[in-house]
Amino acid sequence: MQAIEQKILSRIYGRGRGWAFTKTDFIAGFGETNIHQALSTLARSGRIRRVCHGVYDYPRYSDLLGQNLSPDIDQVAEALSRKFNWRIQPSGEAALNMLGLSTQVPGRWVYLSDGPSREYPVGKDSLQVLAFRKAPLKDVGFKFRESGLLVQALKALGKERVDAAVIDTLRRWLPTRLHHAVLNDTRTVSGWILQIIKQVCEEVGE
């Protein structure tokens, strides 16, 4: 059993601090019972951390604070999406936070999903909630994650709040190499949102 624990731990360390995972991420290489026992043992020893039901992470650590940081909610969401084979997309305040358009850390992170609506308290004191909300396929079916983030962030802002500073922030966030792909990916979204995305990608969109 120790050998299995070490192999699993090596894979976890290889992904780096902040990575969140479930037993599903190891099922191809080990038996389910062995994985469960290994993760439980590693969590008890403090080498990994249980962040919500069935989900663990390799905690990020702050030298300045001398302690582990809170779980990376996006990593937790991705771990659950892999476990259940959902397509997901950060929505609202979560998207704004990820794109640098909001400095407020949401207490409730909402993700659109093609799976069922569910909620997961995250962290030791469960101060944050990760919520999956069932949504139409068109809202979670973008080929590129960046496309969905742009669309959801703009929806959350609203047309009236999109100014030159917002466009500049988005332009700096979106790599130039993805401009053409994102424009093609978002060509069916509502009018004003597409126009803003064209401005963000103006080098290839004009």
Side-chain angles (χ1 to χ4, degrees), residues 2 4-30 35-113 115 118-133 144-146 148-150 152-153 156 169-170 172-175 178:
Q2 267 189 335
I4 294 175
E5 287 173 19
Q6 203 56 47
K7 286 178 181 178
I8 288 177
L9 189 62
S10 179
R11 290 191 186 184
I12 293 167
Y13 285 176
R15 297 302 297 267
R17 287 193 176 273
W19 187 54
F21 48 90
T22 71
K23 63 183 181 182
T24 305
D25 291 304
F26 308 99
I27 204 72
F30 309 98
I35 297 169
H36 178 75
Q37 291 176 355
L39 293 178
S40 296
T41 300
L42 291 171
R44 284 196 300 270
S45 70
R47 284 176 285 184
I48 64 173
R49 171 176 62 181
R50 185 178 182 274
V51 295
C52 69
H53 183 70
V55 183
Y56 303 82
D57 77 348
Y58 176 29
R60 296 171 297 171
Y61 184 81
S62 169
D63 291 323
L64 180 64
L65 299 175
Q67 64 183 32
N68 290 331
L69 298 176
S70 299
D72 183 326
I73 298 292
D74 194 49
Q75 285 283 345
V76 177
E78 290 291 338
L80 287 165
S81 77
R82 293 192 304 272
K83 179 179 181 178
F84 296 117
N85 198 28
W86 296 338
R87 280 186 285 185
I88 64 171
Q89 177 61 59
S91 179
E93 288 298 323
L96 292 174
N97 187 274
M98 292 177 191
L99 269 61
L101 295 175
S102 172
T103 56
Q104 293 186 337
V105 179
R108 178 184 175 85
W109 296 74
V110 178
Y111 281 67
L112 304 180
S113 166
R118 292 182 182 173
E119 293 192 2
Y120 297 85
V122 177
K124 183 178 179 181
D125 300 315
S126 299
L127 296 178
Q128 293 184 307
V129 173
L130 173 57
F132 293 98
R133 191 172 73 227
F144 296 93
R145 177 179 170 85
E146 290 83 0
L149 278 169
L150 278 171
Q152 291 302 319
T169 296
L170 295 177
R172 283 185 279 108
W173 170 82
L174 184 66
L178 289 178

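All values below come from the heavy atoms of this structure, side chains included, with hydrogens, waters and symmetry mates left out. Count residues from 1 along the sequence.
Between the CD1 atom in Ile48 and the CH2 atom in Trp19 there is a gap of 10.0 Å [rounded to 0.5 Å]. Taking CZ from Arg47 and OG1 from Thr41, the interatomic distance works out to 8.5 Å, rounded to the nearest 0.5 Å. Rounding to the nearest 0.5 Å gives a distance of 13.0 Å between OH of Tyr120 and CD1 of Ile73. Note that CG of Leu9 is 5.5 Å distant from CD1 of Ile12, once rounded to the nearest 0.5 Å. Distance CH2/Trp109 to CD/Glu93: 9.5 Å, rounded to 0.5 Å. Rounding to the nearest 0.5 Å places CG of Leu39 at 11.0 Å from CZ of Arg44.
The salt bridge (charged side-chain N to carboxylate O under 4.0 Å, His left out) search around Arg15 returns none, not counting sequence neighbours. For Asp74, the salt bridge (charged side-chain N to carboxylate O under 4.0 Å, His left out) partners are Arg145, not counting sequence neighbours. Scanning for salt bridge (charged side-chain N to carboxylate O under 4.0 Å, His left out) contacts around Arg172 gives Asp168, with sequence neighbours left out. The salt bridge (charged side-chain N to carboxylate O under 4.0 Å, His left out) test applied to Arg133 returns no partner, not counting sequence neighbours. For the ring-ring contact (aromatic ring centres under 6.0 Å, His included) test, residues two or more places apart in sequence or in another chain that qualify with Phe84 are Trp86.
The two atoms that bring Pro106 and Ala94 nearest to each other are CG-N, 4.3 Å, heavy atoms only. Among all heavy-atom pairs drawn from Pro71 and Gly123, the shortest one is CG-CA, 4.3 Å. Contact detail for Gly29 and Arg11: the closest heavy-atom pair is CA-NH2, 4.4 Å. In plain terms, the two heavy atoms of Thr22 and Ala79 that are nearest each other are CG2-O, 4.0 Å. Taking every heavy atom of both residues into account, Tyr111 and Pro90 meet most closely at CE2-CG, 3.4 Å. Nearest heavy-atom pair across Cys52 and Pro121 is CB-O, 3.2 Å.
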With a 3.5 Å cut-off and sequence neighbours excluded, list the donor-acceptor pairs that the side chains of residues 96-103 form with protein atoms.
{"residue": "Asn97", "atom": "ND2", "partner": "Gln104", "partner atom": "O", "Å": "2.9"}
{"residue": "Ser102", "atom": "OG", "partner": "Gln104", "partner atom": "N", "Å": "3.3"}

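No donor-acceptor pair closer than 3.5 Å links the side chain of Ser10 to the backbone N or O of Lys7.
When Arg50, Arg49, Arg17 are each tested for a salt bridge (Lys or Arg N to Asp or Glu O under 4.0 Å) with Asp57, only one passes: Arg49.
Side-chain contact between Arg108 and Leu130: absent, with no pair of heavy atoms (C-beta onward) separated by less than 4.5 Å. Asp25 has its side chain within reach of Arg82: a pair of non-hydrogen atoms, C-beta onward, lies under 4.5 Å apart.
Between Tyr56 and Phe21, the two ring planes are parallel [angle under 30°; tilted spans 30° to 60°].
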